[in-house]
*Asks:* 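First the structure, then my questions, so here it is.
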Amino acid sequence: MRSATRGSKPRHVADLFQNDPPPAASADGVDPGAMRRYLTGLSLPPVPDTVVVGLDLHLTYAKLAEAQRAILAGARFICSNRDRAYPVEGRLLPGAGSIVAAIEVATGQRAVCVGKPEPFLFEEALRRAGLSAASGRGAGERGAVVVVGDSTDYDMVAAHRVGAVGVLILTGLTDESALHGAKDEAAPDRVVRSLEELFGLPEFAAA
């Protein structure tokens, strides 16, 4: 989680505090008032112009509180993505979207998302490659660009927003039982269960 004031370098929210919260402020119920006393006793820096939220594996209540303070004071609220979870070996872990949602609830503000499922990053990638996903296609048809991902809510939606073919691979966030719930932009054009199947698709026939 980062913040930035106009004309200054971005700063990490962890650097905004003079010291770490005391041990009693940990969320173990030993002293419920310790975190409140710590936060209200801080010497706070100027409010930044922008708060940027991404995946933070060391998220703390103090960081959430500082993001809330800045956004309620008028700072722009930007997030990297809204992924609710991401897969690791044998399990899922909370994604950046879970942190974004917590700050949205705390502030009543909705973040501007620059990553999936919004199309901005895909559009920039296509621009740099000199491509247009929907070029040469009729209305309502998918373009020649292929996006491969493991999420219907994020990857497939972003793919379809730039006119690309959305290929869902069932090796990560989404399993086959969840496919019936994927509607409209979230519905994949093709589904594969492995990388071997991926390269057997007609879109890769000439590759």
Side-chain angles (χ1 to χ4, degrees), residues 1-21 25-27 35 38-39 42 44-129 147-162 164 166 168-169 171-174 185-186:
M1 192 182 303
R2 293 181 181 274
S3 61
T5 303
R6 186 174 292 110
S8 67
K9 294 181 179 179
R11 60 193 182 191
H12 196 283
V13 71
D15 300 329
L16 300 182
F17 309 114
Q18 297 90 343
N19 46 55
D20 293 328
S26 61
M35 178 60 80
Y38 166 71
L39 292 173
L42 287 172
L44 297 174
V47 173
D49 294 322
T50 306
V51 173
V52 181
V53 180
L55 182 63
D56 185 349
L57 301 183
H58 304 284
L59 181 68
T60 65
Y61 188 84
K63 291 180 182 180
L64 289 174
E66 177 60 15
Q68 179 196 49
R69 179 182 80 97
I71 293 165
L72 290 179
R76 291 183 294 267
F77 182 14
I78 297 173
C79 69
S80 62
N81 63 76
R82 294 186 178 278
D83 291 359
R84 62 178 175 81
Y86 65 97
V88 297
E89 188 67 31
R91 63 175 292 186
L92 295 176
L93 292 177
S98 61
I99 301 172
V100 175
I103 298 173
E104 288 181 335
V105 170
T107 61
Q109 304 289 326
R110 185 167 176 82
V112 174
C113 183
V114 297
K116 301 175 299 183
E118 302 305 326
F120 309 126
L121 292 181
F122 284 8
E123 289 171 344
E124 179 62 13
L126 292 172
R127 185 190 68 80
R128 294 189 182 193
V147 172
V148 181
D150 65 355
S151 166
T152 54
D153 293 335
Y154 311 114
D155 299 321
M156 298 302 101
V157 172
H160 294 154
R161 287 180 178 177
V162 295
L168 181 72
I169 186 164
T171 57
L173 191 59
T174 305
E185 287 184 311

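Start at 1 with the first residue, then count along the sequence.
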*Asks:* Using side chain to side chain contact (heavy atoms under 4.5 Å, CB included) as the criterion, list what pairs up with Val157, not counting sequence neighbours.
*Replies:*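 Testing Val157 for side chain to side chain contact (heavy atoms under 4.5 Å, CB included), a comparison that skips the adjacent residues, returns Pro117, Arg161, Glu185, Ala186.
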
*Asks:* How far does OG of Ser151 sit from CD1 of Ile169, to the nearest 0.5 angstrom?
*Replies:*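 Output value for this atom pair is 13.5 Å.
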
*Asks:* Main chain of Ala96, side chain of Tyr86: is a donor-acceptor contact present, judged purely on distance under 3.5 Å?
*Replies:*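 Side chain of Tyr86 to backbone of Ala96, a donor-acceptor pair under 3.5 Å: no, none is there.
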
*Asks:* What residues, two or more places apart in sequence or in another chain, satisfy salt bridge (charged side-chain N to carboxylate O under 4.0 Å, His left out) together with Glu123?
*Replies:*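 By the salt bridge (charged side-chain N to carboxylate O under 4.0 Å, His left out) rule, Glu123 matches no residue at all.
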
*Asks:* To check you understand the geometry: which heavy-atom pair defines the closest contact between Gly54 and Ile99, and what is its length?
*Replies:*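 Residues Gly54 and Ile99, closest heavy atoms: O-CD1, 3.7 Å.
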
*Asks:* Do the charged groups of Arg69 and Glu66 touch, with an N to O distance under 4.0 Å?
*Replies:*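 A salt bridge links Arg69 with Glu66.
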
*Asks:* Locate the shortest heavy-atom distance separating Ala102 from Leu64; write the atom from each residue and the value.
*Replies:*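 Here Ala102 and Leu64 meet closest at CB-CD2, 4.4 Å.
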
*Asks:* Once side chain to side chain contact (heavy atoms under 4.5 Å, CB included) is applied, do any residues pair with Arg91, and if so which ones, sequence neighbours excluded?
*Replies:*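 Testing Arg91 for side chain to side chain contact (heavy atoms under 4.5 Å, CB included), a comparison that skips the adjacent residues, returns Val88, Leu93.
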
*Asks:* Using 0.5 Å steps for rounding, measure from the OG atom of Ser98 to the CG atom of Leu55.
*Replies:*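 Nearest 0.5 Å value for the OG-CG distance: 7.5 Å.
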
*Asks:* What are the two closest non-hydrogen atoms of Ala75 and Val51, and how far apart are they?
*Replies:*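 That closest heavy-atom pairing would be CB-CG2, 4.2 Å.
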
*Asks:* Looking only at heavy atoms, what is the nearest atom pair of Gly166 and Ala159, with distance?
*Replies:*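 So the minimum-distance heavy-atom pair works out to CA-CB, 4.0 Å.
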
*Asks:* Check side chain to side chain contact (heavy atoms under 4.5 Å, CB included) between Ala85 and all other residues, then give those that pass, not counting sequence neighbours.
*Replies:*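 Applying side chain to side chain contact (heavy atoms under 4.5 Å, CB included) to Ala85 gives Leu92, Leu173.
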
*Asks:* Not counting sequence neighbours, which residues clear side chain to side chain contact (heavy atoms under 4.5 Å, CB included) with Leu72? List them please.
*Replies:*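 Testing Leu72 for side chain to side chain contact (heavy atoms under 4.5 Å, CB included), a comparison that skips the adjacent residues, returns Gln68, Thr107.
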
*Asks:* Which pairs, with at least one residue in residues 95-106 and sequence neighbours excluded, count as a salt bridge (Lys or Arg N to Asp or Glu O under 4.0 Å)?
*Replies:*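 Listed once each, the pairs are Arg82-Glu104.
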
*Asks:* What are the two closest non-hydrogen atoms of Val100 and Phe77, and how far apart are they?
*Replies:*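 For Val100 and Phe77, the tightest heavy-atom pair comes out as O-CZ, 4.1 Å.
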
*Asks:* For Gln109, what residues pass the side chain to side chain donor-acceptor pair (under 3.5 Å) criterion, not counting sequence neighbours?
*Replies:*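 Checked Gln109 against side chain to side chain donor-acceptor pair (under 3.5 Å); zero matches.
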
*Asks:* Test: salt bridge (Lys or Arg N to Asp or Glu O under 4.0 Å). Region: residues 150-160. Which pairs qualify, not counting sequence neighbours?
*Replies:*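 Residue pairs passing salt bridge (Lys or Arg N to Asp or Glu O under 4.0 Å), neighbours aside: Lys116-Asp155.
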
*Asks:* Which residues pass the side chain to side chain donor-acceptor pair (under 3.5 Å) test with Arg110, not counting sequence neighbours?
*Replies:*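 Result, side chain to side chain donor-acceptor pair (under 3.5 Å) vs Arg110: none returned.
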
*Asks:* Give me the atom names and distance for the closest heavy-atom approach of Ile78 to Ala111.
*Replies:*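 Distance-wise, the nearest heavy atoms are C-CB, 4.5 Å.
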
*Asks:* Taking the side chain as every heavy atom from C-beta outward, state whether Phe122 and Val147 have any pair of such atoms under 4.5 Å apart.
*Replies:*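 Phe122 vs Val147: side chains touch.
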
